[in-house]
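This report concerns only the one structure given below.
These numbers come from a predicted model, not from an experiment. Both ligands and their constituent atoms are indexed starting at 1 by order of listing. All values below were derived from every heavy atom in this structure, side-chain atoms included, with hydrogens, water molecules and symmetry-related copies excluded.
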Amino acid sequence: MLHGKTIILGVSSSIAAYKACEVVSQLKKLGADVWVTMTKESANLVSPLTFRTLSGNPVIQNLFSEELSNIPVPHISLTQKADLMVIAPCGANILGKLAGGIADDALTTMFLASKAKKVLAPAMNSKMWKNPIVFQNVEKLKVSGYLFIGPEEGMLACGDEDIGRMSEPADIVKNIISLLIPNQDLAGRHILVTAGRTQEAIDPVRYISNRSSGKMGYALARAARERGASVTLVSGPSNTNAPLDIKPVKVESAGGMLEAVLDYYNNADALIMAAAVSDYIPTVVNKKRKLKKNKNNLTLELKPATDILKQVSIQKGRKGRILVGFALETDNLIKNAQKKLKAKDLDLIVANDNSTFDADSIKYSILHRGGEVENFPLQPKNTAAHTIIDRTATLF
Ligand code: CTP
């Protein structure tokens, strides 16, 4: 099942370190290439030789050891080929170091140097887990995209029954599998996603636009793709790299985006409009000559742009398609989003305030056509994208 996947397992100092042996063993049985990195203290609890034998790879305790001399810059080359990195058990000290950006040993250096999916399975005394500083570190790491498995309630090393036990190896492995092999529930579906901003030319060198980064739309396209959908990504200008296996249909203006959406709409099962489309466009565009300045005030006349969602939902007809919009608001978030949901005849609308407009994370609510409102805490846009795709998928 995990053949061809590389997983790096970090082991930190906790009595639960012995359970990490079972995690390695199960991952190996599933065909993964597993590398273990240990903190110095954890090697007092379980011998590196055990992990070496179970994983079949050298155990990384020191990035400059002789054993790794044939791997150039191991914290970069190894972590670059990792599909997933997990720390199990992860103690409070490691949580604090990762949250603070401290890389003072092999394990923390490898985790901070990697862009792979990262999972933490905490294990510590309940008093430490409930410490507000640890709590803040956990929140910080969640916002940065780290995923947490556990901790669970149960008998702790001190004899107390409370929260702090590392999750069972089987649960950790189950979560790793679902992260590496996402559900293919959208296979056979075609999802049309718009992303980025639009730019409305004033003259050959100037335009009107907004601050949208395209991150949310690109994350949605990636999430739909990961779940087996064929995806058309219509993108206005954006500062974000498109998912590797999706070639965006590039547009510039609201008019260009409308045309592209109409082109692909007929074959789509769902349209997700994450793009920040201009509401107004200049009535006159000086296509050839730059506007010259003079001492007078300049008045630009703007006319309304076509509302793409309205155009497709009301004039072109739904024909069974799912329509998802976004509502970016500075005030009365839910009320305004509800109005847009109705006016544009949508199935779902994702409401977010402008504080997370061009950020990596988003605090948002999903409003359903039937009136249900789901509120979500600040979370990475990739995580939010999967939730939005989940809700869309349930409507097919
Ligand atoms: N949208 C669209 N065509 C436009 C403007 C917006 O399809 N010309 C879509 C956006 O992609 C988004 C939804 O409509 O999914 C709501 O966009 P938003 O900018 O929040 O609201 P507007 O309808 O433009 O209203 P306002 O700017 O007054 O809040």
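Within the 4.5 Å cutoff, the side chain of Lys127 has no heavy atoms near those of the Met124 side chain. Under the 4.5 Å side-chain criterion, counting only non-hydrogen atoms from C-beta, Ile191 is in contact with Ile272. Between Leu120 and Leu147, the closest side-chain pair of non-hydrogen atoms is not below 4.5 Å. The shortest distance between side-chain heavy atoms of Met216 and Tyr364 does not fall below 4.5 Å.
Taking atom 3 (N) of ligand 1 as the reference point, the nearest protein heavy-atom neighbour is Ile308 N, 3.0 Å. Closest protein heavy atom to atom 21 (O) of ligand 1: Lys340 NZ, 2.9 Å. The protein non-hydrogen atom at the shortest distance from atom 12 (C) of ligand 1 is Phe326 O, 3.1 Å. For atom 8 (N) of ligand 1, the closest heavy atom belonging to the protein is Thr306 O, 3.1 Å. Atom 10 (C) of ligand 1 has Ala275 O, 3.6 Å as its closest protein atom, hydrogens excluded (heavy atom only). From the protein, the heavy atom lying nearest to atom 23 (O) of ligand 1 is Lys344 NZ, 2.6 Å. Of the protein's non-hydrogen atoms, the one nearest atom 7 (O) of ligand 1 is Leu309 N, 3.0 Å. In terms of protein heavy atoms, atom 28 (O) of ligand 1 is closest to Asp279 OD2, 4.3 Å.
In the vicinity of Asp307, heavy-atom distances shorter than 4.0 Å reach the ligand 1 atoms 2 (C), 3 (N), 4 (C), 7 (O), 8 (N), 23 (O). Listed by number with element, the atoms of ligand 1 under 4.0 angstrom from any heavy atom of Leu328 are 20 (O). Each of the following atoms of ligand 1 lies closer than 4.0 Å to a heavy atom of Gly325: 15 (O). Annotation for ligand 1: atoms under 4.0 Å from non-hydrogen atoms of Ala327 are 20 (O).
Judged purely by atom type and a 3.5 angstrom limit, Thr198 uses its side chain to pair as donor or acceptor with the backbone of Ser278.
Side-chain polar atoms of Asn239 and Arg211 form no donor-acceptor pair below 3.5 angstrom.
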Exercise for the section: Would you check, one step at a time, whether the test salt bridge (Lys or Arg N to Asp or Glu O under 4.0 Å) holds for Arg391 with Glu372? Expected result: CA-CA 12 Å; Arg391 301 305 185 268; Glu372 190 194 343; over 6 Å; no

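Ligand 1 is never approached by Ala276 to a heavy-atom distance shorter than 4.0 Å.
A cation-pi arrangement is not found for Lys363 relative to Phe376, the charged atom failing to lie both closer than 6.0 Å to the ring centre and inside a 45° cone about the ring normal.
Only backbone heavy atoms of Ser278 (N, CA, C or O) come within less than 4.0 Å of ligand 1; its side chain stays farther off.
Between Asp360 and Lys215, at least one side-chain nitrogen of the basic residue sits less than 4.0 Å from a carboxylate oxygen of the acidic one, meeting the salt-bridge criterion.
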